[in-house]
There are 2 protein chains.
Amino acid sequence: MSKPDGLRNQKKAETRQAISNVATRLFVERGFENVSVAEVAREAGVARKTVFNYFLRKEDLIFDREEEVRTLVRDAIVNRGSQSPVHAFQALMRTLAVTGHPIFHMSARPIQFWRTVVESPALTTYARELQVTLANDLGEMLADAVHRPHADPDARLAAAMLVSALVVAYGDALRAFREQQDPEAAFISVMERGFVGVNATVVGTPYA
Amino acid sequence: MSKPDGLRNQKKAETRQAISNVATRLFVERGFENVSVAEVAREAGVARKTVFNYFLRKEDLIFDREEEVRTLVRDAIVNRGSQSPVHAFQALMRTLAVTGHPIFHMSARPIQFWRTVVESPALTTYARELQVTLANDLGEMLADAVHRPHADPDARLAAAMLVSALVVAYGDALRAFREQQDPEAAFISVMERGFVGVNATVVGTPYA
DNA sequence: TAGAAACTTACACTCAGTGTAACTTTTTAG
DNA sequence: CTAAAAAGTTACACTGAGTGTAAGTTTCTA
């Protein structure tokens, strides 16, 4: 299951990380559209083609943590005990919001990162893409949890509305941050309001 | 407000329509990524650059009706009488679903169009972009309707969840269509379930 | 230690999208 | 009616993302 840690795999990991680091730094410094892949390659001391060998798209150079989120969510749902799957997901989000898990990037440091994303149309679009993927995955996890088919509309609806609420809540947290208000309070307030709606939506389904 | 209909403007409109028609036909026939802009230009008897003079992006060649939706929604909310703005929007959607308004593309003919969209990553992404724009606009319209600031999180949340529900409902309608079931029934069922959640979310706000 | 496997690189290509300057058509004014 | 100007089209040249291929180079395996 895990890789046989030879020299080759070690170097690969290092190269990948080096490219991603250089790219992220350049993007944050000068904006995503103002840095070409050729430049990233040059700065990382590697051929342009090598960059594309490691990363399918230029956008992948900066987005590298989707898997982490997916894992957190999956674990929370699988190990949910007697809670409903939707409740387990909501509990996870409350925890992450309060503990300030880096995924949520709500502290001052990662704001710079998100500014880079928001200021780039391509990165904004890609972030939305990841969002949709998360909603789809969440839908399947919810359906799995109650042994329903992956395409179950109730699961898809619940997942879509959950993610919607979180995205709006996160947007409002960023606004609060900009306006020198408490981003965490803003986040929780909007998130909880959204959860009320989701809970009403899933009433009468096994997801409640 | 309206254009002074000279020969020039008439020709412009014709050229634009001609290009869009040719492009749409080619995309539907052979897939979005298998048709280059150069090909569209050639087939339309026009220079490649002219295509980009009319359409900012290749994707715009096939998506041409966003404005129509926006107008429908705006009118429904402005002329809502004594209803709440959220209710007015929901009523509009119910009406459109039942009357089979072409915007919803739920009948057999436009299925081909949507198949083209779904089979193309670029068009799928772009469609989502339009979705987000719709949600943002709807949020502002809702806020306007009750004289709250455009950034009001309650409005943004309601709008995002409404659009989410509709998108999931439409997706399920397409599934139903593929499985030879009633797409309209599927659409309405999921949509109404989503509306229940949205209504719970906006309880206690002026949007309810 | 030699050959196989994996990786990197150079190179050549396609296509989206932009900028510019020359050219053509429509409009407008005298 | 006609000439200048305004608007539109075109050819051309360019940047940058992304792909395919074949030839090198490095690491692994036996």
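Here is the naming used below: chain letters follow the sequence lines, and residue numbers restart at 1 for every chain. Just so it is clear, the model here is predicted, and its values are computed rather than measured.
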Length of the line joining [X]:[atom1] and [N]:[atom2], which is rounded to integer Å:
X      : N      : atom1 : atom2 : answer
B:K12  : C:dT25 : NZ    : P     : 17 Å
B:R30  : C:dC15 : CZ    : C1'   : 14 Å
B:E14  : C:dT25 : CD    : P     : 16 Å
A:Y126 : D:dA17 : OH    : P     : 15 Å
B:N34  : C:dT14 : CG    : P     : 16 Å
A:Q10  : C:dC7  : CD    : P     : 14 Å
A:N9   : D:dT26 : CG    : P     : 18 Å

Presence of B:K11 side-chain N/O under 4.0 Å of C:dT26 phosphate oxygens OP1/OP2: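 Yes, because at least one side-chain N or O of B:K11 sits under 4.0 Å from OP1 or OP2 of C:dT26.
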
Any A:Y54 side-chain nitrogen or oxygen under 4.0 Å from OP1 or OP2 of C:dC7: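 Answer is no, no contact under 4.0 Å.
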
State whether the number of non-hydrogen atoms from other residues, nucleotides or ligands found under 6.0 Å of [X] atom [atom1] is greater than 12.
X      : atom1 : value
A:E179 : CD    : yes
A:R16  : CZ    : yes
A:R115 : CZ    : no
A:R74  : CZ    : no

Sugar-phosphate only, base, or nothing, as touched by B:V35 at under 4.0 Å among non-hydrogen atoms: sugar-phosphate

Touch class at under 4.0 angstrom, heavy-atom based, for B:F55 against every strand present: nothing

B:D172/B:R193 salt bridge by N-O under 4.0 Å criterion: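 Looking at B:D172 together with B:R193, the answer is no, because their closest N to O distance does not fall below 4.0 Å.
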
Sub-4.5 Å side-chain heavy-atom contact between A:R175 and B:R156: no

Which nucleotide in C:dT8, D:dT9, D:dG8 has an atom nearest any side-chain atom of B:T50: D:dT9

Heavy-atom closest pair, residues B:V146 and B:P85: CG1-CG, 3.8 Å

Any residue meeting ring pair (Phe, Tyr, Trp, His ring centres under 6.0 Å) with B:F55, in chain and number order, not counting sequence neighbours: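 Result, ring pair (Phe, Tyr, Trp, His ring centres under 6.0 Å) vs B:F55: none returned.
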
All ring pair (Phe, Tyr, Trp, His ring centres under 6.0 Å) counterparts of A:F89, not counting sequence neighbours: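 For A:F89, no residue satisfies ring pair (Phe, Tyr, Trp, His ring centres under 6.0 Å) once neighbours in sequence are set aside.
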
Polar side chain donor-acceptor pair, A:D60 to A:Y126, under 3.5 angstrom: yes

Residues in contact with DNA chain D, drawn from residues 38-45 of chain A - heavy-atom cutoff 4.0 Å: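 Result for residues 38-45 of chain A: none.
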
Consecutive-pair stems (at least three Watson-Crick or G-U pairs, under 3.5 Å) that include DNA chain C: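 Stems found: C:1-30 with D:1-30.
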
Name the atoms and distances for all side-chain donor-acceptor pairs under 3.5 Å in residues 130-138 of chain A, with sequence neighbours left out.
from: A:T133; atom 1: OG1; to: A:E129; atom 2: O; distance (Å): 3.0
from: A:D137; atom 1: OD2; to: A:R70; atom 2: NH1; distance (Å): 2.2

Whether A:F63 and A:W114 hold their rings parallel, tilted or perpendicular, with breakpoints at 30° and 60°: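 If you compare the ring of A:F63 with that of A:W114, the planes turn out tilted.
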
Whichever of B:A47 and A:S36 has its nearest DNA chain D nucleotide further upstream toward 5': B:A47

Heavy-atom protein contacts under 4.0 Å, nucleotides 17-22 of chain C, coded B base, S sugar-phosphate only, - none: BBBB--

